[in-house]
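Note sheet for the following structure.
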Amino acid sequence: MTDTLTTWAGSHTFRGGPVVRPTTVEEVAAVVADARHVRALGSRHSFHDLADSPGTLVVLDRLDVPTTIDADARTVTVGAGVRYGELARHLHAQGWALHTMASLPHIAVAGTVATATHGSGDHAANLSAAVRGLELVGADGTVRTLGPDDQELAGAVVALGGLGVVTRVTLAIEPTYEVAQEVWTDLPWSQALDRFEEIMGSAWSVSLFTDWTGDAVDQVWRKHRVDAGTLGPEVAGARPAPGPMHPVPGQDPAACTQQGGVPGPWHERLPHFRLEFTPSAGAELQSEWLVPREHAVAAVQALRGLRDLVSPLLLISEIRSIAGDDLWLSTAHGGDRIGLHFTWKPLRAQVDAALPVIEEALAPFDARPHWGKLFSGPGAGRTWQDLYPRWDDARALLERHDPEGRFANDFLRRVGLR
Ligand SMILES: Cc1cc2nc3c(=O)[nH]c(=O)nc-3n(C[C@H](O)[C@H](O)[C@H](O)COP(=O)(O)OP(=O)(O)OC[C@H]3O[C@@H](n4cnc5c(N)ncnc54)[C@H](O)[C@@H]3O)c2cc1C
């Protein structure tokens, strides 16, 4: 192979090749038909070999597909390789919006929805939940479309790249809206735990940032939808931030979206990071586990008990809230979740050693690992079937549509989906 690609964080070097960049759906179909093994890459923001293939790697950043808005249906159809930040600008300019954004706008639409990527908000399901249709090139090289009434759509959206190369994604949209973002610091842990529901529900989107040490949560980020009323009351026991903040200690807040309660377009406030800047820290690894909402406080307490293990490896942790959905492999399948996220220092061996310990601590809470971030398994004493009631259906779906394993890879085999 001539091109050497890595994940955004450099945490995995892709073994497959060649790397191809088709510009039309017909070219994608021809590439798939010609390849014994093939996978699509998104913007490569996952942290492991999820997107890799022993064969051809298809990058869709040059796919020339128009972005079309259907105002009556309240949907937008977009090329799979378009980044959310670019889509969001287009939508806002036309008077439309998405219901949520991830922490960064740099990620590609198809790769993002394939892993159940999410933002934060009690009423905000993950980005995959907005999918109303997919166009994909299947294992036989033909182009299929799945619409909202298709029984398989709920299994096809979060398919981890195992169902084919998605070429177009149709997403639900709503009229554009404004958001004001404010940051608070030093929320006492006693308040955070006693009033967890109230704090997480105190704005459209709330994130708690902590390194798990000390008596206080370091930062509380609140993003208020202006059309949902005025800014909420103060965060009990916390202090307003003295100026712009970056969630990762020592990083320049210039990379972050505007704070200070200044209203602005949804896509310039819902992500933490600006499209023009490097998001997060850059040199990092990430993990995240999602627990049912009712276990949130107990799970947070379990993690506080691991602070001596976790904190030395950590840049920052983030606690978020995600509304439930019905997508078979979504980490929020079946009910609301709390996301317990870790941005690690780039210390791979130490992080890998810590993962099973964290998973054991979170296993009683049916924690589901984020598909795009580092994990070691379903948790001590757990199977994937325990965590996902539609697991066997998802596996059967991949098998049925790709009997020869054209889209199979080591990741899917490790988790038992192939
Ligand atoms: C700095 C940083 C911040 C992050 N913040 C968040 C966050 O706020 N919330 C969150 O939930 N996650 C977050 N993530 C994780 C990230 O959103 C996910 O890993 C997401 O999948 C990345 O999308 P991608 O386009 O880079 O996908 P990739 O990593 O390139 O691919 C992911 C999967 O999608 C498949 N895929 C990609 N394109 C296609 C296609 N066209 N057809 C079929 N399958 C396809 C791949 O085969 C692979 O299985 C963050 C990651 C980073 C690096």
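Just follow the structure's listing: the first ligand is 1, and inside any ligand the first atom is 1.
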Tell me which protein heavy atom sits closest to atom 44 (N) of ligand 1, plus the residue, atom name and distance to 0.1 Å.
Gly161 CA, 3.5 Å

Mind checking whether Trp8 and Phe47 have parallel, tilted or perpendicular rings, split at 30° and 60°?
perpendicular

List the closest protein heavy-atom neighbour of atom 30 (O) of ligand 1: residue, atom name, distance to the nearest 0.1 Å.
Gly42 N, 2.8 Å

Determine whether the side chain, the backbone, both or neither of Thr117 has a heavy atom under 4.0 Å from any heavy atom of ligand 1.
both

Which of the ligand 1 atoms, numbered from 1, are nearer than 4.0 Å to a heavy atom of Ser280:
1 (C)

Can you tell me which portion of Leu104 lies within the under-4.0 Å heavy-atom range of ligand 1? Options are side chain, backbone, both, or neither.
side chain

Glu276 CD: over 12 foreign heavy atoms closer than 6.0 Å
yes

Donor-acceptor under 3.5 Å (Gln259 side chain, Met245 main chain):
yes

Can you pull out the closest protein heavy atom to atom 47 (O) of ligand 1? Residue, atom name and distance to 0.1 Å, please.
Ala40 O, 2.7 Å

Could you find the nearest protein heavy atom to atom 9 (N) of ligand 1 and give me its residue, atom name and distance?
His118 O, 2.7 Å

Tell me the protein heavy atom at minimum distance from atom 41 (N) of ligand 1, and give that distance in Å.
Val166 O, 2.9 Å

Check each of Gln286, His341, Arg168 against atom 1 (C) of ligand 1 and report the one with the nearest heavy atom.
Gln286

What is the nearest protein non-hydrogen atom to atom 29 (O) of ligand 1, stated with its residue, atom name and distance?
Ser46 OG, 2.7 Å

Phe407 six-ring centre to Arg39 NZ/CZ under 6.0 Å and within 45° of normal:
no

Taking the minimum heavy-atom distance to atom 8 (O) of ligand 1, which of Glu288, His272, Arg320 ranks first?
Arg320

Select one of side chain, backbone, both or neither to describe which atoms of Leu163 lie under 4.0 Å from any atom of ligand 1, heavy atoms only.
neither

With heavy atoms and a 4.0 Å threshold, my read on which part of Phe411 contacts ligand 1 is neither

For atom 15 (C) of ligand 1, what's the nearest protein heavy-atom neighbour? Residue, atom name and distance, please.
Lys373 CE, 3.8 Å

Return the orientation label for the Tyr177 and Trp266 ring planes: parallel under 30°, perpendicular over 60°, tilted otherwise.
tilted

Atoms in ligand 1 flagged as close to Ala108, the criterion being non-hydrogen separation under 4.0 Å
25 (O)

Within reach of ligand 1, part of Ala114 (heavy-atom separation under 4.0 Å)
side chain

Should you measure from each heavy atom of Leu60, which atoms of ligand 1 turn up under 4.0 Å away?
41 (N)

Taking only heavy atoms of Gly164, which atoms of ligand 1 are found under 4.0 Å from at least one of them?
42 (N), 43 (C)

Lys/Arg-Asp/Glu bridge criterion (N-O < 4.0 Å) met for Arg414, Asp49
yes

Would you find more than 12 non-hydrogen atoms of other residues, nucleotides or ligands less than 6.0 Å from Glu178 atom CD?
yes

Could you check whether any side-chain N or O of Ser46 sits under 3.5 Å from a backbone N or O of Leu50, counting only pairs where one atom can act as donor and the other as acceptor?
no

For ligand 1, which atoms have a heavy atom of Val165 less than 4.0 angstrom away?
42 (N)

Is it possible for you to check whether Arg225 lies under 6.0 Å from the centre of the six-membered ring of Trp204, through NZ or CZ, and within 45° of that ring's axis?
yes

Which of parallel (below 30°), tilted (30 to 60°) and perpendicular (above 60°) describes Phe209 and His272?
perpendicular

Using a strict 4.0 Å threshold on nitrogen-to-oxygen distance, state whether Arg144 and Glu152 make a salt bridge.
yes

Within the structure, is a non-hydrogen atom of Phe47 found at a distance of less than 4.0 Å from ligand 1?
yes

Check Ser103 against ligand 1 and report side chain, backbone, both or neither, counting heavy atoms closer than 4.0 Å.
both

Among Val65, Leu91, Thr68, Val109, exactly one meets side-chain contact (heavy atoms from CB on, under 4.5 Å) together with Val78. Which residue is that?
Val109

How far is atom 25 (O) of ligand 1 from its nearest protein heavy atom, and which residue and atom name does that atom have?
Ser43 N, 2.9 Å

Record the part of Arg39 in heavy-atom contact with ligand 1 below 4.0 Å; permitted values are side chain, backbone, both and neither.
side chain

Quick one: do Leu374 and Arg348 satisfy side-chain contact (heavy atoms from CB on, under 4.5 Å)? Show the steps, please.
CA-CA 10 Å; Leu374 300 180; Arg348 186 62 187 257; 3.6 Å; yes

Using a strict threshold of under 4.0 Å (side-chain N to carboxylate O), is an ion pair present between Arg274 and Glu268?
no

